[in-house]
Protein chains: 2
Amino acid sequence: MTGAVRSRGPGRRPGPTETREAILASARELFAEKGYDGASLRAIAREAGVDPALVHHFFGNKEGVFIAAMRFPVDPGRLLPVIMAAPRERLGETMVRTFLEIWSDADRRAPILAMLRSAMTNERAAAMMREFVSSALFARAGAAADVPLVNVQSAAGQLIGVMLLRYVIRVEPIASVPEEELVTLIGPSIQRYLDHSAP
Amino acid sequence: MTGAVRSRGPGRRPGPTETREAILASARELFAEKGYDGASLRAIAREAGVDPALVHHFFGNKEGVFIAAMRFPVDPGRLLPVIMAAPRERLGETMVRTFLEIWSDADRRAPILAMLRSAMTNERAAAMMREFVSSALFARAGAAADVPLVNVQSAAGQLIGVMLLRYVIRVEPIASVPEEELVTLIGPSIQRYLDHSAP
DNA sequence: GCTTAAATTCAACACATGATGAGTTCATCT
DNA sequence: AGATGAACTCATCATGTGTTGAATTTAAGC
């Protein structure tokens, strides 16, 4: 009867170290929910069941946590080939479907949301997103589809905007419309941007 | 040599009261830049050259300042008729032009940005935006153009997404492309959404 | 089994935040 | 001219923030 859940004193915990990953998981969740500035180190630590100082010990400072948590947003290197495998006249349709598939899964949506939310209010996060999105997404997609960058970005704008209304602001009816309806509605617009050949 | 710019003691200032407006102006600027949570009452007061308590005196609390600062985002009642005056087959083009005109002017962009930035990280701000955008924008536009709401919202998503990439994240090249190029690029997509007749 | 290194917490710092109540100066109304 | 109220500042509170250094416990290497 002595084994009450004591508040656990200092010192290393028994067993293999799993706290680092726990911290990263909480960080992703909270950054996704509140953005960079809104998610506090202390809240992350609390959610991970850990002292705030431990977060520091592992990642140095808040920015370190953010950078570590953001590694692996979507892995475009693996996603692009899948999309490009579709027949050229169905590219738009395929892209909308892929986007919806990712966004409708909370776990895969989280890092993207975190990036977007943070970039909206934090200049450094905006810089990170700018660089990632330019080099890792737009440049590759443009090259793969042989389409000018402005076109790729217009298409991306369309997708981001709709996801924002659907999953962040949650305006009706677009928040509840079935996925297939969005595919037939938006797909052709995307297709149009990708049909224009390079100048 | 006695008239040094003293740090100004307590008590009402001479002349008519202009501080209220000054506070609102600073509030709009800062909410636009940092969003609801990022803009602090103290920073707003500092920018307006005023004691933080005065902000409280006028608006009660932080939310009061936000609500007061957000009155008049775009005045859709005056904007819609202008847009709808265009010939039906040029609606898309006209909308893109109108949007670009508003967003390229920092003063008119500010309240929209404030709303958007705040809605990204603050649930109450998101609720406000949801309501405003649903009743004041989408419902009217849908009725005026006799188009289903999902179509209106898809068009809005396209516009918001592009503005986001252009003016918030500032990704190149879409951040620097001349307005007319965007009009011919995106206009047809918008037009498509508005061409579908109501179900 | 001893030693070194890593994991973990505690206590504290310096600072920023939103809020409040009391006090002072001016404008306005009679 | 005097009274009332509005505009305005000061000092202060309680709370939350990111960060740091020291102390303690466990795991790994020899």
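In the text below, chain A, chain B and the rest are named by the order of the sequence lines, each starting its count at 1.
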Q.
Taking only side-chain N and O atoms of B/Thr19, does any of them lie within less than 4.0 angstrom of OP1 or OP2 on D/dC8?
A. yes
Q. Do side-chain atoms of B/Arg117 reach the backbone of A/Arg117 as a donor and acceptor pair under 3.5 angstrom?
A. no
Each nucleotide N or O in nucleotides 12-15 of chain C that has a protein N or O under 3.5 Å away: list the pair and distance.
none

Q: Please check if the side chain of B/Arg109 supplies one atom and the backbone of B/Trp103 the other of a donor-acceptor pair under 3.5 Å.
A: yes
Under 3.5 Å, sequence neighbours excluded: what are the donor-acceptor pairs made by side chains of residues 42-56 of chain A?
from, atom 1, to, atom 2, distance (Å)
A/Asp51, OD1, A/Ala53, N, 2.8
A/His56, NE2, A/Gly60, O, 3.2

Q: From the options C/dG18, C/dA7, D/dA7, select the nucleotide whose nearest atom is closest to the side chain of B/Phe58.
A: D/dA7
Q: Name the closest nucleotide to the B/Leu41 side chain, picking from D/dT19, C/dA19, C/dA7.
A: C/dA19
Q | A/Arg170 (side chain) donor-acceptor with A/Ala175 (main chain) under 3.5 angstrom | A | no
Q. Given axes from five pairs at either end, by how many degrees does the helix from C/dC2-D/dG29 to C/dT30-D/dA1 bend, rounded to 10°?
A. 10°
(Q) Under a 3.5 Å distance rule, please check whether B/Gln153 uses its side chain to pair with a backbone N or O of B/Ser134 as donor and acceptor. (A) no
(Q) Working to the nearest 0.5 angstrom, can you tell me the gap between B/Arg140 CZ and B/Leu80 CG? (A) 7.0 Å
(Q) Whether the A/Ser189 and B/Tyr193 side chains hold a donor-acceptor pair (N or O, under 3.5 Å, no angle test) is what I'd like checked. (A) yes
Q: Heavy atoms under 4.0 Å is the rule here; annotate nucleotides 20-30 of chain D 5' to 3' with B where the base is hit, S where only the sugar-phosphate is, and - elsewhere.
A: BB--BBBS---
Q) ring pair (Phe, Tyr, Trp, His ring centres under 6.0 Å) with B/Phe66: which residues, sequence neighbours excluded? A) B/Phe31, B/Tyr36
Q) If you check every side-chain atom of A/Ser40, which of C/dT8, D/dT17, C/dT9 has the closest atom? A) D/dT17
Q: Can you sort out the partners of B/Glu172 under side chain to side chain donor-acceptor pair (under 3.5 Å), two or more places apart, ordered by chain and number?
A: B/Ser176
(Q) Taking B/Ser154's backbone N and O only, do any of them form a donor-acceptor pair with A/Gln158's side chain (distance below 3.5 Å, no angle check)? (A) yes
